[in-house]
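Here is the structure we will look at.
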Amino acid sequence: MKPKKKQDDCSLIERVKLVFYFDYVDPGSYLVDQLIDELLEDKNDLIFHPLEICPPTNTPIDSTNQEWVDYNKKVQRLGKQAHLDCTYPISPPWSRKAHELRLYAKKKGVERLVHKEIFRSYFQKHLDIGRIDILVNIASDSGLNPSECRATLDVDRYSEEIQTLGLEAQDNGIKNSPQLKTEAGSLEGPTDIRELRKFLKRSGVTLSSDGSN
């Protein structure tokens, strides 16, 4: 049994960590998040790293901007290819509070549950995840204390950390979301499941089954 334990310990050390730079109001991030679910065997290998496409105090994205319109169309096309049933809001609110909620949920041990619900709330239910009351409802539905959550968001407890993580990403050359990064390389922008599978295999990330589903 001891040799087997040593082998298991070695295997854990060698697991590849996958960093996901994303924003909750970025349609490309939502697409990549869903594709990751299709391919990644162990979700514990995934590290969430916030990168706001429009930080607070910046002018909100103009939904009529042609570059933004074209980007949304590209993501919708890739989504249809992957048979993902959703629509894509085009006028994103600031997402700082949504990222703060994830960090709060991480501290409480329900990070992934809340992470998925924030994305669903925006891209499937079309809720304004820039509003604290909406986020508190998400927290409550996920089993978190709504009063404590509201107090946490009201005082911007995690705001500075989100800003610092965004600057850290930029210092590391990560300018836009979505982006996936391992020690072996990176994959930038929205993609299809074939290219994502190739990247993960090339990076040594363990895929679910044979990664061909």
Any ion pair linking [Y] and [X] (charged N to carboxylate O, less than 4.0 Å)?
X	Y	answer
Lys108	Glu148	yes
Arg112	Asp37	yes
Asp33	Lys116	yes
Arg102	Glu117	no
Arg131	Asp133	yes

In this structure, is the centre-to-centre distance between the rings of [Y] and [X] below 6.0 Å?
X	Y	answer
Phe20	His49	no
Tyr122	His126	no
Tyr24	His99	yes

Side-chain donor-acceptor contact under 3.5 Å, [X] with [Y]:
X	Y	answer
Asp70	Gln66	yes
Gln124	Tyr30	yes
Asp26	Tyr71	yes

| What's the spacing between Phe199 CZ and Lys181 NZ if we round to 0.5 Å? | 8.5 Å
| task | Pick out which of Pro50, Ser177, Pro190 makes a side chain to side chain contact (heavy atoms under 4.5 Å, CB included) with Ser29. | result | Ser177
| remark: The side chain to side chain contact (heavy atoms under 4.5 Å, CB included) partner of Leu200 among Thr182, Leu35, Leu18 is Leu18
| said: Pair Val69, Thr64 - check side-chain contact (heavy atoms from CB on, under 4.5 Å), show working. | reply: CA-CA 7 Å; Val69 171; Thr64 65; 5.7 Å; no
| task | Could you go through the side-chain contact (heavy atoms from CB on, under 4.5 Å) check for Thr152 and Glu100 one step at a time? | result | CA-CA 9 Å; Thr152 299; Glu100 289 183 46; 5.9 Å; no
| task | Decide side-chain contact (heavy atoms from CB on, under 4.5 Å) for Glu38 and Ile193; before the verdict, give the C-alpha distance in whole Å, the side-chain angles of both, and the deciding distance to 0.1 Å. | result | CA-CA 9 Å; Glu38 293 288 325; Ile193 199 163; 3.9 Å; yes
